[in-house]
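Quick note on labels: first sequence line is chain A, next is B, and so on, each numbered from 1. Values below: all heavy atoms of this structure, side chains included; hydrogens, waters and symmetry mates excluded. Computed from a predicted structure; not experimentally measured.
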Amino acid sequence: MPPGRSSRPPSEESPTRWVLHVDLDEFIAAVEVRRRPELAGLPVVVGGRGDPTERGVVATASYEARAYGVGSAMPLRTAARRLPPEAVFLPVDKPAYEDASEEVMAVLRSFPVRVEVLGWDEAFLGADLSDEAVPEALARSVQEAVLASTRLHCSVGIGDNKLQAKIATGFGKPRGIGRLTTDRWFEVMGDRPTTALWGIGAKTARRLADLGITTVAGLAAADTAMLAEALGPTMGPWFRRLGRGVDSSPVDPTPWVPRAHGRETTFQTDLTDWDAVASEARRLAGLVAEDLAAEGRPAARVGVKVRYAPFETRQRSLTLPEPSGSAEVIAEAACRLLERLDHDRRVRLLGVRAEMSPPAP
DNA sequence: TCTGGGGTCCTAGGACCC
DNA sequence: TCTGGGGTCCTAGGACCC
């Protein structure tokens, strides 16, 4: 999505005739129902520790739950208020979703395409100009193969590029196939709000509206220099390309190399005791060090995040004198960073993160 | 309706160096 | 004398996505 990954020199790109975007339907909820068939047909909500009286938000709601107006990122307490008593709340079980994701990606890789994994439940499939497959037929084959191997349903979007394919998937959901190509871009997208574009959220939409731009067509017609002036030299022109449905980024099957790892916790009750904050920072630093060790890469920078009640976030970070994977070094750095923050306020959330140096080429 | 946790990338100002 | 210009690193914050 971000422009950084999209702005490769043309010489690195393979000529792509079309792109498929595969997106699993209600993935997390579907994985839970798959192993608990008795939940089928019930409103199922996965989020937090599975206790709707706690602080936490909905990770995924089943379609039955969505019918009650429950969706991702909604506080669990709100979801509980909206849902009938038979609704089921489950805790997030990350390893289970990672395993299920691997099953799905293995199926996708069995097709003669390049596969770029976007997250647990999404991937782009790219084929070259020389390949003969018809995208609709391939899309249907992918859906059938994923269902047969994993008992999970997915939707597929077809586009001339990743941006179009990603948006097209939404037109196919659930269990369908959507199509959005250059020839019909403005017919389909022109009158939609700018938030219909992948990469434009509420904040950017508001800034665009302040410039008199509210629709995709309006964004496409905007002056590039004006957008660059108002929104930045990289982002401004990139937004305009989004408005025109243009995306030259290749489907890149290269395994993802993480830039950073972090752990954070929202406390069920705000912390007032700064000693407790510091010891929690040490615990989180230990978890981060484990993540680094699993990859065999040291931290180059360490950062802390503190969210004060009611909801005000502060971050501090530093570059280590030399890269280190030591839990003790990361913990000490985190504690030093905490010294630079106000100790007299209630703390709602604490996070510790480590940034890695890029691996040697 | 009081707002998770895991990430990515961009921007902008100041420090510092040549 | 009160003023250069470019480049890179560091840091804080913001926006977006799943």
**Q.** 5' precedence on DNA chain B between A:H261 and A:G236 (nearest-nucleotide basis)
**A.** A:H261
Q) So what does A:G232 touch, heavy atoms closer than 4.0 Å: a base, only the sugar-phosphate, or nothing? A) sugar-phosphate
Q: Would you indicate what A:L76 reaches in the nucleic acid, counting non-hydrogen atoms under 4.0 angstrom: base, sugar-phosphate, or nothing?
A: nothing
Q.
Taking atom CD as the centre, does A:E229 end up with more than 12 heavy-atom neighbours from other residues, nucleotides or ligands that are less than 6.0 angstrom away?
A. no
Q) Does A:R263 place a side-chain N or O at less than 4.0 Å from the phosphate oxygens OP1/OP2 of B:dG4? A) no
Q) Given A:E264, which of A:R348, A:R353, A:K305 fulfils the salt bridge (Lys or Arg N to Asp or Glu O under 4.0 Å) condition? A) A:K305
Q) How would you label the contact of A:R307 with the nucleic acid (heavy atoms, under 4.0 Å): base, sugar-phosphate, or nothing? A) sugar-phosphate
Q: Looking at every strand, decide which applies to A:P310 at a 4.0 Å heavy-atom threshold: base, sugar-phosphate, or nothing.
A: base
Q. Should the heavy atoms of other residues, nucleotides or ligands under 6.0 Å from CG of A:D191 be counted, would the total exceed 12?
A. no
Q: Taking atom C1' in both C:dC16 and B:dG4, compute the distance separating them and give it to the nearest angstrom.
A: 16 Å
Q | Below 4.0 Å: OP1/OP2 of B:dC9 and any side-chain N or O of A:R259 | A | yes
Q.
A:V113 and side chain to side chain contact (heavy atoms under 4.5 Å, CB included): which single residue from A:L138, A:D128, A:L108, A:L20 fits?
A. A:L138
Q.
Students often get this wrong, so: under 4.0 angstrom with heavy atoms, is A:R316 touching a base, only sugar-phosphate, or nothing?
A. sugar-phosphate
Q) Looking across every strand, which nucleic acid part, if any, lies under 4.0 Å from A:T265 by heavy atom: base, sugar-phosphate, or nothing? A) sugar-phosphate
Q: Would you classify A:K166 as touching base, sugar-phosphate or nothing, given that sugar-phosphate means primed atoms plus P, OP1 and OP2, and contacts are heavy atoms under 4.0 Å?
A: sugar-phosphate
Q.
Does A:A79 reach a base, just sugar-phosphate, or nothing at all? Heavy atoms under 4.0 Å.
A. nothing
Q | Sugar-phosphate only, base, or nothing, as touched by A:A202 at under 4.0 Å among non-hydrogen atoms | A | sugar-phosphate
Q: Check every strand shown and say whether A:G201 touches a base, only sugar-phosphate, or nothing at a heavy-atom separation below 4.0 Å.
A: sugar-phosphate
Q. With a non-hydrogen cut-off below 4.0 angstrom, is A:R340 in contact with a base, only sugar-phosphate, or nothing?
A. sugar-phosphate
